[in-house]
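Sequence lines set the chain letters: A, B, ... in the order given, protein chains first and strands last, and positions in each chain run from 1.
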Protein chains: 2
Amino acid sequence: MGRTRKRATKGATMAAVARRAGVSAMTVSNVINNKVSVQPGTREAVLKAIAELDYRPNAAARALASASTLRIGLLHRDQDSALLSAMLVGSLKAASRIGVQLIIQPYNPDTALEDILEFAESGLDGLLLPPPLCEQFSDSGLSARINIPVVAMAPGTSLPDIACVRIDDEAAAFALTSSLIVHGHRRIAFVLLPGTHVGKARLEGYRRALREAGIPEDPDLIWQARPTFSEGLVLAERKLGTAEKPVAQGPFTAIMAGNDDMAAAFVNVALRLGKRIPEDLSITGFDDTPIAIKIWPTLTTVRQPLAEIAEQATELLIAMLRNPSAQGPSAQGAVPRFVDYKLVERASVADVAPE
Amino acid sequence: MGRTRKRATKGATMAAVARRAGVSAMTVSNVINNKVSVQPGTREAVLKAIAELDYRPNAAARALASASTLRIGLLHRDQDSALLSAMLVGSLKAASRIGVQLIIQPYNPDTALEDILEFAESGLDGLLLPPPLCEQFSDSGLSARINIPVVAMAPGTSLPDIACVRIDDEAAAFALTSSLIVHGHRRIAFVLLPGTHVGKARLEGYRRALREAGIPEDPDLIWQARPTFSEGLVLAERKLGTAEKPVAQGPFTAIMAGNDDMAAAFVNVALRLGKRIPEDLSITGFDDTPIAIKIWPTLTTVRQPLAEIAEQATELLIAMLRNPSAQGPSAQGAVPRFVDYKLVERASVADVAPE
DNA sequence: CTGAAAGCGCTTACAG
DNA sequence: CTGAAAGCGCTTACAG
């Protein structure tokens with residue numbers, strides 16, 4: 001082609017789209033960014049041209065021209081490495097594909113709410129909130145004080161004031177409980193995570209499973225503890241130890257722990273007390289964290305596709321950013337996006353022992 | 001100032017630097033990118049102007065003009081969430097600050113080497129390799145087949161053919177062993193991770209500590225096992241069980257496990273056999289992963305600042321990318337960058353019991 | 001509602 | 001070794 005000053009361009013440019021649609025580049029830009037209203041017909045034509053040319057905006061050009069890159073923040077606790085890595089993987093995937101900048105920052109559980117507010121005001125365009133931060137934030141009613149879009153990742157229930165992407169915790173708990181029932185269990189203890197949306201949703205799932213199987217619910221089998229290994233240890237010692245006498249309607253044959261760490265604590269104590277797991281007692285976890293396969297017996301648990309949740313949450317947030325009209329107060333809060341959970345059956349559950 | 005078409009710019013631009021240095025923008029660009037050689041005097045002047053103005057290149061403009069963003073890849077195993085999250089946090093911090101794109105991708109341990117080659121050829125500008133991938137890769141001699149810069153994160157020893165950022169594993173093992181010696185231990189078992197650089201380096205540190213304390217080394221106390229919880233379990237049963245009779249020179253009073261998971265396995269088996277930890281036996285881990293504080297007793301271990309290692313590795317890689325002259329074969333391989341490790345003393349170590 | 005033009009801050013050929 | 005100019009692909013005021 002001889003020498004030319006023009007450098008090769010990968011995909012279609014905005015100019016190409018404009019030419020095809022028979023409009024100016026500005027109009028294409030307007031359609032893409034929802035800045036000013038565009039006549040429906042014009043908009044259609046532009047959208048059609050974009051689709052035909054498989055046009056994708058150049059993030060660098062956009063950043064340069066607007067003198068700013070879209071920056072979305074993700075707050076995290078240093079401790080939750082499994083949660084964090086999965087979410088970072090997913091979020092980074094979406095962010096780097098779309099060309100927005102992902103800023104991550106640790107927060108302090110004791111000042112979580114203030115940390116959110118401060119982080120949001122640090123020049124961010126949007127915010128991604130992992131659990132349990134998103135639930136706390138929603139419960140606090142502070143979301144009204146934030147003027148950038150927020151998306152909650154994996155909250156236990158849909159949140160009234162924040163858009164979210166999550167699994168159906170109620171259904172997951174229903175499935176887990178049902179799998180225990182299929183194994184013949186009828187005396188199933190449930191560890192409730194007090195004061196959390198997750199706890200509430202899962203309790204409902206547990207109850208529905210019992211109800212549908214015609215198993216009466218026993219309040220003595222609803223236990224409470226905070227979701228840590230050590231709290232699990234304390235609870236396990238209290239419930240499995242000899243100190244407490246068997247409940248009236250007979251002993252439980254299975255325990256649904258609040259998460260994998262707690263399940264590990266139950267396994268630990270049960271083993272120490274000479275019980276055989278799962279022959280004498282079935283135990284389930286929740287989350288499918290690394291510890292689930294680092295102990296014996298390996299844990300039957302439920303896995304949330306955290307990377308996918310984060311990826312979708314990031315996409316949703318960016319869409320909200322690009323489309324200000326959809327951002328009205330609680331406009332997105334009502335439409336949670338669901339992804340599928342997975343029941344992972346391993347070695348910690350067995351058929352209930354015959355009497 | 002009246003209306004103007006000019007939009008506000010945050011920092012100094014290349015033009016401003018050029019003006020101040022009395023050269024053209026092109027020359028500034030040349031200095032920054034080390035593309036063509038610039039006269040020393042000119043270079044000095046430009047560097048001075050850059051420093052005075054605190055000039056930082058605009059990543060968006062650079063990406064737009066060069067029709068490409070610098071893309072660096074990070075390969076990871078899905079399983080190692082603690083490792084991954086720490087490294088992602090650090091790497092992302094550097095990458096987003098400098099404005100390069102971070103691409104992450106999982107690899108399959110069974111086809112690790114091929115995965116690296118393939119990933120490297122997928123249009124990446126540079127590659128970040130976590131352990132144990134970096135060691136395998138270096139050992140394989142395949143690095144010559146890759147034509148993009150590679151930086152190893154946290155290998156156990158310096159690598160001859162790859163630049164790296166790491167802690168001094170030899171010194172860390174020396175410190176850990178020494179802390180045991182301070183507690184009165186003289187019969188210290190060491191679990192060697194066979195065939196790894198980490199294993200080799202730590203063994204040297206262990207030996208040096210014994211030597212300096214005048215403690216004779218006993219080959220019977222050098223055990224070997226692969227770095228997993230289950231292999232640790234097998235080894236622990238063999239060493240702590242009654243099957244094996246006590247070694248000639250008397251029993252060991254402390255065990256340095258290959259990592260935290262293995263230490264947890266030792267604790268698990270010891271407890272099951274009725275030994276008191278740490279009263280009867282001290283046990284140490286390595287890495288300070290979450291499990292270190294999820295078991296009782298909590299583990300004395302060594303922490304590597306993985307996030308910092310990743311951040312520095314990312315910076316180093318970008319520097320190599322921007323400065324092609326320093327990229328000659330093994331040019332960087334010889335200059336490892338070190339960061340500090342930290343000895344974390346917790347509950348799994350006690351003074352040796354009096355005879 | 002729509003468009004022509006300038007400009008974002010760099011890098012790339014090219015010519016000296 | 002150094003520079004003038006064009007161009008990367010968008011968005012921003014502004015004017016119709």
Gap between atoms CG and P, on A:Leu53 and D:dG9 respectively (whole Å): 13 Å
Nucleotide of D:dT2, C:dC10, C:dG3 approaching B:Val38 most closely (side-chain heavy atoms): D:dT2
Side chain to side chain contact (heavy atoms under 4.5 Å, CB included) evaluation trace for A:Phe119 with A:Leu124: CA-CA 8 Å; A:Phe119 190 41; A:Leu124 254 27; 3.6 Å; yes
Positions of residues 45-52 of chain B (non-hydrogen atom under 4.0 Å from DNA chain D), listed by number: none
side-chain N/O A:Thr27 vs C:dG3 OP1/OP2, d < 4.0 Å: yes
Residue-phosphate contact under 4.0 Å: A:Ser29 side-chain N/O, D:dT11 OP1/OP2: yes
Complementary nucleotide of C:dA4, counting Watson-Crick and G-U pairs under 3.5 Å: none
Among D:dT2, C:dT11, D:dG9, the one nearest B:Leu64 by side-chain distance: D:dG9
Nearest-nucleotide 5' precedence on DNA chain C, B:Pro57 against B:Met26: B:Pro57
Point-to-point distance, once rounded to the nearest 0.5 Å, from CZ of A:Arg71 to CD1 of A:Ile148: 10.0 Å
Nearest-angstrom distance from the residue atom CZ of B:Arg19 to P of D:dG3: 14 Å
Nearest heavy atoms of B:Thr13 and B:Tyr55, plus distance in Å: C-CE1, 3.5 Å
Any B:Thr13 side-chain nitrogen or oxygen under 4.0 Å from OP1 or OP2 of C:dG9: no
5' priority, DNA chain C, between A:Ala61 and A:Asn30 [closest heavy atom]: A:Asn30
Residue B:Ala65, side-chain heavy atoms: nucleotide from C:dC10, D:dT11, D:dC10 that is nearest: C:dC10
Between D:dT2 (P) and B:Arg43 (CZ): distance, integer Å: 10 Å
Working for side chain to side chain contact (heavy atoms under 4.5 Å, CB included), residues B:Arg97 and B:Glu311: CA-CA 11 Å; B:Arg97 168 162 30 87; B:Glu311 186 174 354; 2.8 Å; yes
Between P of C:dT12 and CZ of B:Arg62, the distance in whole Å: 10 Å
Salt bridge A:Glu44-A:Lys48, side-chain N to carboxylate O under 4.0 Å: no
Length of the CZ-P vector between B:Arg56 and C:dC8, whole Å: 20 Å
Shortest side-chain distance from A:Asn58, nucleotide among C:dT2, D:dC10, C:dC10: D:dC10
Spacing between B:Met14 atom CE and C:dG7 atom P, to the nearest angstrom: 20 Å
Rounded interatomic separation in angstrom, taking CG from A:Leu70 and C1' from D:dT11: 14 Å
Separation between CD1 of B:Ile116 and CG of B:Leu133, rounded to the nearest 0.5 Å: 4.0 Å
Residue B:Glu118 excluded, over 12 heavy atoms near CD under 6.0 Å: no
